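Inspection log for the structure reproduced underneath, given as structure tokens.
All values derive from a computational prediction rather than experimental measurement. Letters A, B, ... mirror the listed sequences (proteins, then strands); counts begin at 1.
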2 protein chains.
Amino acid sequence: MEDPKVRNMEEFAALSGISRPTVSKYFNDPESVRASTRSRIEDALKRYDYRPNIYAMNQNRKLTKNIGIVVPYLADPFFAEIARSIEQRCIDAGYRPTLFSSHGDQALENDILEGLRSLKPAGVLLAALGRGSDRAAIESFCGDVPTVLFDSHVQDVGIAFVGSDNPQFSMLAVDYLCRTGEPPCFFEMKNPSNPNANKRRQGYCEAMEKLGHTPHIVSVEGDGWGFEEIGRLGGIAALESGQFSTNTILCSNDRLAIGLLAACFEKRVRVGRDPDCAIRVAGQDDHPFSRYTCPPLTTVAQDYDAISRHAVETLFAAVEGVQSTEKTKLFEGKLVMRSSA
Amino acid sequence: MEDPKVRNMEEFAALSGISRPTVSKYFNDPESVRASTRSRIEDALKRYDYRPNIYAMNQNRKLTKNIGIVVPYLADPFFAEIARSIEQRCIDAGYRPTLFSSHGDQALENDILEGLRSLKPAGVLLAALGRGSDRAAIESFCGDVPTVLFDSHVQDVGIAFVGSDNPQFSMLAVDYLCRTGEPPCFFEMKNPSNPNANKRRQGYCEAMEKLGHTPHIVSVEGDGWGFEEIGRLGGIAALESGQFSTNTILCSNDRLAIGLLAACFEKRVRVGRDPDCAIRVAGQDDHPFSRYTCPPLTTVAQDYDAISRHAVETLFAAVEGVQSTEKTKLFEGKLVMRSSA
DNA sequence: AAAAATATTTTACGCGCGTAAAGTATTTGT
DNA sequence: ACAAATACTTTACGCGCGTAAAATATTTTT
């Protein structure tokens, strides 16, 4: 390994006994050269440890091998996990993913999209802020760069949207809760940043009416991405003023539920399905921490893996010129029964 | 805005009435040109919306404006938060940060470092995997790229290390716990991936001995970065076999503590400092979720902000040619009293 | 074995910008 | 107003690679 230092592709091509254009072709797609040529290059690659200059590579090429991954809030482990999964799939497919977080900030989201343009990515996987997004900016970006949206839907934008069947989540939860106890109230933020929240509310209402119950929604104030704190403060207020009409609460998402559990603890309200418990609480998402709340949180699990797989596959298909048939793909959730409800 | 489309710096220079080399100089450092020239360029910038091609920019420059940020495990919100803070500081200083997570995997950490080399970054901020790292790879990397290590120390490598004064963390916690109740046992992983864990154990032992108590350590099995589950399983085992010699437990970190709280809940052991509670549990880190455990977790807070600030400042100083005087900078933790202990 | 199909080599140009050198204009100090 | 200092312009080259076209070599087909 590493006899002399190889300065550029010209030198490396000479050392491996292959012409530079063919070596260039190899690096763009190893399968595009004859097997005998490929192995000669790969032998040389082991001896000389040469790597093409990515700046020179990308400068004169319309399409790079870069993939942008944008999530709205990386401090939420849900997004960290799905980003990780997407990242890995990109690497496996021979692309170079770069991860960005908007940190709940519209200006930052716009900056990221701007920066992404000059990266000339082959494609982008975008989970937008939602309500906090600048629609015009996203629309314009998607007009220039092949983009698959995930988790957070933005109407009529991008190649496709991949997410969860949110109404089904709520319906599944309502169905279970009604079967095993009192029908649930719905606990949510008044102005949710994420469009999924609205679909979940609708699913809740629909399911309740279908089962002959009156929906009862508790909307709490609060802005931003500190859902736990919003859930905690709203939960305390709701408990104190007796806003919960039944002993069962379905939360719009797990992080809100985690806050509500903290509120219940503070107010000495026992949560769970044991006879000595006062209320039942369920969430939605199967957040990585939900297993470790006290009591462990009953929830509806998002199919992380299917979402990430389908999002990446759809993007690559589009990048390689295949028209996707379905614009929207939604995955169902699975009930995860734990002891909180 | 955007009359015609500007193809390159040549065109943009012509449109703004300034020579291309001067425009180039402006983009490398706006302060390096006369104020009158600067404003002419900035006026044109508003009308024509031109951005230099980053690939062409970086190709022919020894040092780019790129900064690499590497954390061991992004699904841990602690790292997500500190990465966010570092990222923002880099942007504010006019650099282009790129975030990477090793996801607890040595091979991936090495791949990231390899990929980072070809990014030709001005500098890198690296929180290594720790025990899971390939020391030779890190050493070699730090030999080639200015690197500031943070959170996880690797001996004799990099420009500097910035982290927490881990022994002080444990000593602070021990001191508080002894003052307010029984002396604590120490709950930790047998083979911690992070070197901080060892320092915390040492701090615990030292503090206990200083106060005239015998240290008592409960080490639990488990590998990887799923600390909550390791804490839960180890906690159940320890509770069942009566390994805790006192009613107070200091955990090596908050995530382990969160797992232990789940174990206590499962075993119907009440945690807190009320008279009707059986044990007290404290953590270390002030993890973003620790506020929302039941009961809320008493812990020692890392000074995120100081660590991120000092790490970034040290790196930039080194990049700009200033020798740092101190190789190691450790920040003290602050006790955060909540109801778990 | 010859012909057809496919891979590779040669040659050559250009991408968009960094950067150096030498000359010209502008600002600053006196 | 003049000289000195500074900023800018002109000119020119090169970075490392993508890519196109034409010539040549190799493999596959018949």
Open item on the list: Generate the contact string for nucleotides 16-22 of chain C. Rules: B means base contact, S means sugar-phosphate contact only, - means no protein heavy atom under 4.0 Å.
Closed with: BBBB---
Task: Enclosure of Arg135(A) CZ (heavy-atom neighbours >12, cutoff 6.0 Å) - done: yes
Task: Ring geometry between Trp225(A) and Phe79(A) (parallel below 30°, tilted from 30 to 60°, perpendicular above 60°) - done: perpendicular
Task: Stacked cation flag Lys46(A) on Tyr48(A), 6.0 angstrom / 45 deg - done: no
Task: Value in whole Å for how far the C1' atom of dT26(D) lies from CD1 of Ile18(A) - done: 13 Å
Task: Rounded interatomic separation in angstrom, taking CZ from Arg38(B) and C1' from dA7(D) - done: 13 Å
TODO: Would you kindly give the CD-to-C1' distance between Glu31(A) and dA7(C), to the nearest whole Å?
DONE: 15 Å
- [ ] Establish, yes or no, whether a centroid distance under 6.0 Å links the rings of His310(B) and Phe331(B).
- [x] yes
Open item on the list: With a 4.0 Å limit, can you tell me whether Ser19(A) has a side-chain N or O closer than that to the phosphate oxygens OP1/OP2 of dT9(C)?
Closed with: yes
Task: Worked check of ring pair (Phe, Tyr, Trp, His ring centres under 6.0 Å) between Phe78(B) and Tyr73(B) - done: CA-CA 9 Å; Phe78(B) 164 71; Tyr73(B) 195 74; over 10 Å; no
- [ ] Figure out the OH/C1' separation between Tyr55(A) and dG14(D), and round it to whole Å.
- [x] 19 Å
Task: Pair Asp43(B)-Ser16(B), side chain to side chain contact (heavy atoms under 4.5 Å, CB included): steps then yes or no - done: CA-CA 8 Å; Asp43(B) 284 355; Ser16(B) 58; over 6 Å; no
Open item on the list: Can you see if the side chain of Thr22(B) gets near the phosphate of dT9(D) - specifically, an N or O under 4.0 Å from OP1 or OP2?
Closed with: yes
